[in-house]
Protein chains: 2
Amino acid sequence: MLGSHTGVTAALEPCGSTDHPDCGIRDVLDRIGDKWSVLVIVELASGVRRFRELQRAIDGISQRMLTLTVRRLERDGLLTRTVYPTVPAQVTYELTARGSGLTHLVKQLADWSLEHKGAIGRSRDLYDEQNPDHAIR
Amino acid sequence: MLGSHTGVTAALEPCGSTDHPDCGIRDVLDRIGDKWSVLVIVELASGVRRFRELQRAIDGISQRMLTLTVRRLERDGLLTRTVYPTVPAQVTYELTARGSGLTHLVKQLADWSLEHKGAIGRSRDLYDEQNPDHAIR
DNA sequence: CGGAATCCAGCGCGATACTG
DNA sequence: CAGTATCGCGCTGGATTCCG
């Protein structure tokens, strides 16, 4: 685990080279790198959800941001939006197969995060302690 | 592949619940979700680099953002900064073991991205075509 | 070369109010 | 319930200038 491979695959090769503005990574990060997308995806990983269910589950999200977030995820084909023309309108959201695939990757990121959370926190404290000058964030 | 597991692990469980502001994911995303960190990590995955080498390799990055980015990555213990007190100052950056671990995850994201890039693009075009009204981005 | 400091534009996102 | 519309602030990040 220590001597992990530093090899880079084709997906990363042309990254940032002069001819390529960036590698494909930015596409994913622009989608899941924002404040809420991942939380929506994670919540939907547990099953179908309605709008208010999502909003209640994802603590702190405004209805505006939830609207925008699910809209973008739908546009990218990561989830499906289903409208039932009932009396009070009812809309459900569900991950597509593509979205579920992303869930798998997100899970790995979450695992990695939890694994290193403590060590990273200690690194930060140590850094801030040794560099009292630049209080970067 | 269709009936992919929707199971969520411990890392994702308490995500966004009322008692937990978020799951650990935000920590990683706050680091790699920004505009440049991933590109720096990817470039360093190929080996040790100097400041200007990074700047030239990562097309479009300003020296300000490169400084801030490597600073934060260093603070999190994802890379090491080495200063050689030569005549014109010389500084090199190198991934730590922890940083290399992240590289592995980033690689998977990049692979996933390339794999679905085409399909996602088509999804977007279709969506925009069917919803000429809201031109969300 | 490798930064630090300053100024400034964009827009991400929150708060609030209104609609079908 | 599930949105849409408007306003405004804060933070990210770009451009420029100066320093050791």
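By convention in this document, chain letters (A, B, ...) are assigned in the order of the sequence lines, proteins followed by strands, and residues within each chain are numbered from 1.
With distances taken from any side-chain atom of B:F51 to the nucleotides C:dC13, D:dT4, C:dG3, the minimum falls on C:dG3. The side chain of A:R71 lies closest to D:dT4, out of C:dG3, D:dT4, D:dA2. Looking at the side chain of A:R50, the nearest of the listed nucleotides C:dC1, C:dG3, D:dA2 is D:dA2. Checking D:dG3, C:dG3, D:dC1 against the side-chain heavy atoms of A:R56 singles out D:dC1 as nearest.
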Which protein N or O atoms sit under 3.5 Å from an N or O of nucleotides 14-20 of chain C?
unit_1: C:dG14; atom_1: OP1; unit_2: A:K35; atom_2: NZ; d: 3.1
unit_1: C:dG14; atom_1: OP2; unit_2: A:W36; atom_2: NE1; d: 3.4
unit_1: C:dG14; atom_1: O6; unit_2: A:R64; atom_2: NE; d: 3.3

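The shortest distance between side-chain heavy atoms of B:V91 and B:T82 does not fall below 4.5 Å.
The backbone N or O of B:R50 sits less than 3.5 Å from a side-chain atom of B:E53, completing a donor-acceptor pair. Here the side chain of B:T96 pairs a donor or acceptor atom with the backbone of B:G77 at under 3.5 angstrom. Remark: the backbone N or O of A:G99 is paired with a side-chain donor or acceptor of A:T103 at under 3.5 angstrom.
Salt bridge status for A:R75 with B:D128: present, with a side-chain N to carboxylate O gap under 4.0 Å. Taking 4.0 Å as the cut-off between side-chain N and carboxylate O, A:K107 and A:D111 count as a salt-bridged pair.
With the nearest nucleotide of DNA chain C identified for both A:G33 and B:R81, B:R81 has the one nearer the 5' end.
Take B:E74 and apply the side chain to side chain donor-acceptor pair (under 3.5 Å) test, not counting sequence neighbours, and it matches no residue.
Put simply, CG on A:D34 is 18 Å from P on D:dC11, counting in whole angstrom units. Remark: P of C:dA5 and CG of B:L66 are 17 Å apart, rounded to the nearest angstrom. Regarding B:L54, its CG atom lies at a distance of 10 Å from the P atom of C:dG3, rounded to whole Å. Distance A:D30 CG to D:dT12 P: 16 Å, rounded to the nearest Å. Summarising the geometry, the separation between CD on B:E53 and P on C:dG3 is reported as 13 Å, rounded to the nearest angstrom. Across the protein-nucleic acid pair, A:Y84 atom OH and D:dG3 atom P stand 13 Å apart, rounded to whole Å.
Applying the 4.0 Å criterion to OP1 and OP2 of D:dG3, one finds that A:Y93 has a side-chain N or O inside that range.
An end-to-end axis angle of 40° holds for the helix from C:dC1-D:dG20 to C:dG20-D:dC1, taken from five base pairs per end and rounded to 10°.
In the hydrophobic clustering of ILVMFWY residues, with side-chain heavy atoms under 4.5 Å counting as a link, B:L68 and B:V83 come out together.
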Applying side-chain contact (heavy atoms from CB on, under 4.5 Å) to A:K35 and A:M65, what does each step give before you reach the verdict? CA-CA 9 Å; A:K35 197 172 179 182; A:M65 287 318 297; over 6 Å; no
